[in-house]
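Below: the structure, in structure tokens.
Within every chain, numbering begins at 1; the chains are lettered A, B, ... in the order of the sequence lines, protein sequences first and strands thereafter. Below, each value reflects all heavy atoms present in this structure, side chains not excepted, and no hydrogens, waters or symmetry copies.
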Amino acid sequence: MGAPSILSVDQFLLVTLHQELNDTDVEPLQTEVGARVVATGARGVVLDLSGVAVIDSYTGRAIAGLVQATGLLGAQTIVAGMRPEVAITLVELGMTLPGIPTARDVNLGFAALRERTGPRL
Amino acid sequence: MTEIAGDASVADRDVPAATLLAWDGSVRNLIRHRRQAVHTAWLDYLRRELPTTRIQPQMITDLSVRLLDELETALDKDPAGALQPTLRNLLSAISARFVERGMTPSQTATFVFSLKHVLSDMAPDDPAGRQTVHKVIDAMGLFSMDAFIQRREQIIAAQGQELLELSVPVVPLWEGILSLPIIGTLDSSRAQAITEKLLTEIARTNSRFAMLDISGVPAVDTQTAQHLAKTVAAARLMGAECVITGIRPAIAQVMVTLGIDISGIETYFSLAEGLRYCFGKLGLSVRA
């Protein structure tokens with residue numbers, strides 16, 4: 001539990017959140033993910049939310065910001081494994097994360113990334 | 001809730017023949033020494049005033065015996081005070097039984113209050129004693145009424161919950177495809193129940209598609225559409241796509257008129273077409 005973890009999987013990154021983010025977590029996370037994307041040439045990121053039980057609007061916005069920043073570096077992010085309570089909370093907060101692709105779980109997330117990014121040239 | 005069990009036999013209360021002639025005319029001792037007579041008179045009165053096939057005579061007999069026991073204890077301990085816990089438990093249990101057997105509130109009240117008439121008839125020369133026992137029986141009757149209402153409300157709430165559960169069936173149609181036929185109007189509480197049930201099932205079955213069929217929904221207004229939109233958005237966040245089927249021409253027209261925008265959501269009249277869409281997305285096809 002605690003800080004998010006970042007793992008290299010094939011040509012992608014797996015970022016796992018364990019709990020809601022607060023303001024001391026967000027900037028380091030964005031910086032680290034950005035650095036790893038550049039260092040590994042990752043074409044996609046799976047953001048694993050399966051361990052997050054509770055969410056607030058701050059974390060929702062942080063996720064949207066992370067996806068946008070990572071997108072600018074050329075890596076597509078897929079949000080995976082969101083729990084029912086978290087999904088309902090975000091929708092009630094008016095945060096439907098439009099334009100951000102989602103997947104039922106991490107495996108499906110990687111499968112979707114492979115489909116989207118195609119074979120490595 | 002106390003279970004009414006055991007053998008409160010009236011015979012235990014019979015007193016030796018020597019004291020049979022010694023009743024002083026008081027209500028207090030009427031109950032203590034003439035228990036059998038009181039009970040018989042009460043049962044006669046109940047047979048006349050409370051004719052019912054809903055409760056077996058044996059149960060009436062048992063309950064009245066227990067109530068007489070508790071009344072005697074109450075008169076001994078503290079007639080002017082609050083009802084004892086054992087008496088309250090008994091009255092709650094009696095009321096619950098009556099509710100469950102479909103008796104009315106007034107029948108329940110009659111059961112308790114009738115004892116006043118019986119005791120008054122049998123002890124005409126003890127006005128003070130009558131007044132004391134009337135106060136206790138009044139308190140008992142009022143408590144029984146509250147217990148009756150409480151039990152009835154419990155049952156209604158449980159039935160409401162069950163109705164809500166039954167009205168939201170989520171059926172796995174195919175691997176990765178759930179079916180959710182929505183029947184009836186979609187108010188806020190039902191919409192919430194439906195959303196929670198659907199999302200839980202999506203997580204449990206790891207489904208990627210949910211077919212929401214609204215052919216059983218009589219009308220779609222702006223609020224209903226908003227509920228549906230929220231459900232679809234939440235499912236999408238979880239990685240599942242919702243397909244709405246069962247949209248009839250009349251409903252489609254209303255939605256256009258109201259300016260309800262559900263672009264971005266696959267919608268169909270026919271469930272089969274909706275299923276075909278999901279199969280396509282999963283890379284499946286049906287062959288003859």
Problem - Heavy-atom contact with chain B under 4.5 Å, split by part of A/Leu108 - result: side chain

Problem - Region of A/Glu92 that comes under 4.5 Å of a non-hydrogen atom in chain B - result: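 For A/Glu92, side-chain heavy atoms alone lie under 4.5 Å from chain B.
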
Taking atom [atom1] as the centre, does [X] end up with more than 12 heavy-atom neighbours from other residues, nucleotides or ligands that are less than 6.0 angstrom away?
X: B/Gln154; atom1: CD; answer: yes
X: A/Gln68; atom1: CD; answer: no
X: B/Arg101; atom1: CZ; answer: yes

So for [X], is it side chain, backbone, both, or neither that comes closer than 4.5 Å to the heavy atoms of chain A?
X: B/Ser207; result: backbone
X: B/Ile202; result: both
X: B/Arg208; result: side chain

Handout entry: Close approach to chain B in residues 96-107 of chain A, criterion heavy atom under 4.5 Å
Key = A/Thr96, A/Leu97, A/Pro98, A/Ile100, A/Pro101, A/Thr102, A/Ala103, A/Arg104, A/Asp105

Handout entry: Residues in residues 28-37 of chain A near chain B [non-hydrogen atoms, under 4.5 Å]
Key = none

Practice task
Find the distance between CZ (B/Arg236) and OG1 (B/Thr231) and round it off to the nearest 0.5 Å.
Solution key: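 Rounded to the nearest 0.5 Å, the CZ-OG1 separation comes out at 14.5 Å.
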
Exercise for the section: Could you walk me through whether B/Thr108 and B/Ser144 pass the side-chain hydrogen bond (donor to acceptor under 3.5 Å, both in side chains) test, one step at a time? Expected result: CA-CA 7 Å; B/Thr108 310; B/Ser144 299; over 6 Å; no

Exercise for the section: Mind running side-chain contact (heavy atoms from CB on, under 4.5 Å) on A/Phe12 and A/Gln76 for me, showing each step along the way? Expected result: CA-CA 9 Å; A/Phe12 307 123; A/Gln76 158 103 94; over 6 Å; no

Exercise for the section: Carefully, step by step, assess B/Glu266 and B/Tyr268 under the rule side-chain contact (heavy atoms from CB on, under 4.5 Å). Expected result: CA-CA 7 Å; B/Glu266 287 289 311; B/Tyr268 298 91; 2.7 Å; yes

Practice task
Give a yes or no answer on whether the side chain of A/Thr59 reaches the backbone of A/Leu21 with a donor-acceptor pair at less than 3.5 Å.
Solution key: yes

Completion exercise
Partner of B/Glu153 under side-chain contact (heavy atoms from CB on, under 4.5 Å), picked from B/Ile156, B/Ile149, B/Ile155, is B/Ile149

Problem - Residue pair B/Leu180 / B/Met211, side-chain heavy-atom distance below 4.5 Å - result: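 No, too far: nothing below the 4.5 Å cut-off.
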
Practice task
Evaluate side-chain contact (heavy atoms from CB on, under 4.5 Å) for A/Ile78 paired with A/Leu47, printing each intermediate quantity in order.
Solution key: CA-CA 6 Å; A/Ile78 298 199; A/Leu47 185 58; over 6 Å; no

Practice task
I would like to know whether B/Phe279 and B/Ile177 meet side-chain contact (heavy atoms from CB on, under 4.5 Å); could you show each step before the answer?
Solution key: CA-CA 9 Å; B/Phe279 278 160; B/Ile177 306 178; 3.9 Å; yes

